[in-house]
Amino acid sequence: MISSIQFKNTNIDVLRLDAMNLPVGGNKFYKLKYNIAEALEMNFPSLITFGGAFSNHVCAVALAGKLNNLKTIGVIRGEDDTNNPTLNFCREQGMFLHFMSREDYKNKYDENFIDACINKFGDIYLLPEGGTNALALKGTSEILTGIDIQYDHIICAVGTGGTLAGIISTPDLRSKVTGISVLKGDTNLSEKVSSLLDVENENWEINYNYHLGGYAKYNTELMEFILQFEKTYSILLDPVYTGKVFYAIFDMIDKKQIAPDQKILAIHTGGLQGWAGWKYRYNK
Ligand SMILES: *Cc1c(COP(=O)(O)O)cnc(C)c1O
């Protein structure tokens with residue numbers, strides 16, 4: 001589903017992964033699709049994954065596990081908080097949550113820990129933090145399936161880069177692809193994305209100018225932008241990813257870094273579940 005919006009004489013097509021009624025929200029559906037298929041095919045009883053206490057990825061794994069009758073284990077950075085709506089959503093899906101101190105979390109993939117989990121839960125299919133791996137890429141390279149890809153410019157959010165890498169891997173793509181990084185200081189991202197790709201496509205870049213202070217950080221300008229955007233276009237953006245993406249696109253149009261005659265496709269990767277956690281976290 002595509003919504004067309006106008007900003008200063010520039011048309012932007014928005015691919016609405018947020019509004020497509022996917023069983024698991026937004027880009028996470030594509031990232032998990034082939035991983036879940038593999039776990040089922042290989043008869044793994046459980047999935048294990050890792051993330052922060054407000055992670056869209058951990059939520060998506062909890063939900064996907066429930067829908068596919070797989071047990072799920074979420075290894076969460078930091079302490080439990082029984083009022084955190086994100087964690088409670090995961091628990092409601094039947095996810096077992098294991099909390100790790102920030103120090104221990106740095107070694108979360110440690111063999112001893114994973115072995116202990118296998119002892120406790122049986123064989124576990126491991127999804128890395130953020131969910132980006134080769135099978136995720138196979139899924140995200142289907143995001144543009146069925147869409148006329150005659151765009152000059154395709155723009156999406158970048159967290160771990162699995163979604164961007166999938167878009168870049170779309171067969172016969174000739175558009176310039178730009179990823180907007182929502183993280184501060186992770187300047188290795190371009191290398192990570194390059195290493196994931198198995199196609200020859202150099203027509204892409206990551207823009208690091210719009211993290212607005214860092215991952216899940218915000219300022220009042222961003223919040224006002226998101227409110228105004230919803231009023232004007234009736235499209236709700238999320239505060240962590242897509243808010244920053246559209247803020248970036250509008251700013252690049254303002255600064256004439258994107259010419260008005262360019263055909264633009266922006267991907268709304270979803271993430272709206274993040275609002276509950278965001279409001280709780282920042283007490284709004
Ligand atoms: C997880 C997420 C992303 C980031 O995807 P990556 O593949 O990790 O880069 C982007 N947008 C939304 C809404 C997300 O939830």
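Both backbone and side-chain heavy atoms feed into the values below; hydrogens, waters and symmetry mates do not.
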Looking only at atom types and distance, does a side-chain atom of N188 sit under 3.5 Å from a main-chain N or O of E191, one as donor and one as acceptor?
no

Test salt bridge (Lys or Arg N to Asp or Glu O under 4.0 Å) applied to R174 - qualifying residues, sequence neighbours left out
none

Would you kindly say whether Y125 and T72 are connected by a side-chain donor-acceptor distance under 3.5 Å?
no

Output, in order, the C-alpha distance, side-chain angles, deciding distance and verdict of salt bridge (charged side-chain N to carboxylate O under 4.0 Å, His left out) for K263 and D148.
CA-CA 12 Å; K263 288 193 74 186; D148 181 1; 5.4 Å; no

Could you give me the CA-CA distance, side-chain angles and deciding distance for T160 and T132, then say whether side chain to side chain donor-acceptor pair (under 3.5 Å) is met?
CA-CA 7 Å; T160 56; T132 288; 2.6 Å; yes

N207 vs S181, side-chain contact (heavy atoms from CB on, under 4.5 Å): CA-CA, chis, key distance, verdict:
CA-CA 6 Å; N207 182 322; S181 173; over 6 Å; no

Under 3.5 Å donor-acceptor, T49 side chain and L127 backbone
yes

Mind checking what makes side-chain hydrogen bond (donor to acceptor under 3.5 Å, both in side chains) contact with E142, not counting sequence neighbours?
K33, Y34

Distance-only, no hydrogens or angles: does the N88 side chain make a donor-acceptor pair with backbone N or O of T82 under 3.5 Å?
yes

Salt bridge check: are K138 and D198 linked by an N-O gap of less than 4.0 Å?
no

Sort out for me which residue in L164, L144, V14, I155 forms a side-chain contact (heavy atoms from CB on, under 4.5 Å) with I267.
L144

Listed pairs under 3.5 Å, donor-acceptor, residues 20-29 side chains, sequence neighbours left out:
residue	atom	partner	partner atom	Å
N27	ND2	T163	OG1	2.9

Listed once per pair and sorted, the side-chain hydrogen bond (donor to acceptor under 3.5 Å, both in side chains) pairs that draw on residues 114-124, sequence neighbours left out
none

Using a strict 4.0 Å threshold on nitrogen-to-oxygen distance, state whether E205 and K176 make a salt bridge.
yes

Can any side-chain N or O of D238 pair as donor or acceptor with the backbone N or O of Y241 at less than 3.5 Å?
yes

Does a side-chain N-to-carboxylate-O contact under 4.0 Å join D104 and K108?
no

Please work out which of the three classes, parallel, tilted or perpendicular, describes the rings of H98 and F113, given edges at 30° and 60°.
tilted

Can the ring centres of F225 and F246 be said to be less than 6.0 Å apart?
no

Backbone N/O of V58 and side chain of S55: donor-acceptor pair under 3.5 Å:
yes

What's the verdict on side-chain contact (heavy atoms from CB on, under 4.5 Å) for V245 and C156, showing C-alpha distance, side-chain angles and the deciding distance?
CA-CA 7 Å; V245 168; C156 73; 6.0 Å; no

Below 6.0 angstrom between ring centroids: does that apply to Y247 and F229?
no

Tell me which pairs pass salt bridge (Lys or Arg N to Asp or Glu O under 4.0 Å) where either residue lies in residues 154-169, with sequence neighbours left out.
none

Using modelled atom types and a 3.5 Å cut-off, is there a donor and acceptor pairing between side-chain atoms of N68 and backbone atoms of L70?
no

Considering only residues two or more places apart or on different chains, which pairs with a residue in residues 7-19 satisfy side-chain hydrogen bond (donor to acceptor under 3.5 Å, both in side chains)?
S3-R16, S4-D13, Q6-N11, K8-D254, N11-D13, D13-Y151, R16-D18

Quick one: does K244's side chain have a donor or acceptor within less than 3.5 Å of a partner on H211's backbone?
yes

Which label fits F54 and Y280: parallel for a plane angle under 30°, tilted from 30 to 60°, or perpendicular past 60°?
tilted

Is a side-chain N or O of E230 found less than 3.5 angstrom from the main chain of I226, in a donor-acceptor match?
no

Say whether, by atom type as modelled, one donor and one acceptor occur between the side chain of W275 and the main chain of L237 under 3.5 angstrom.
yes

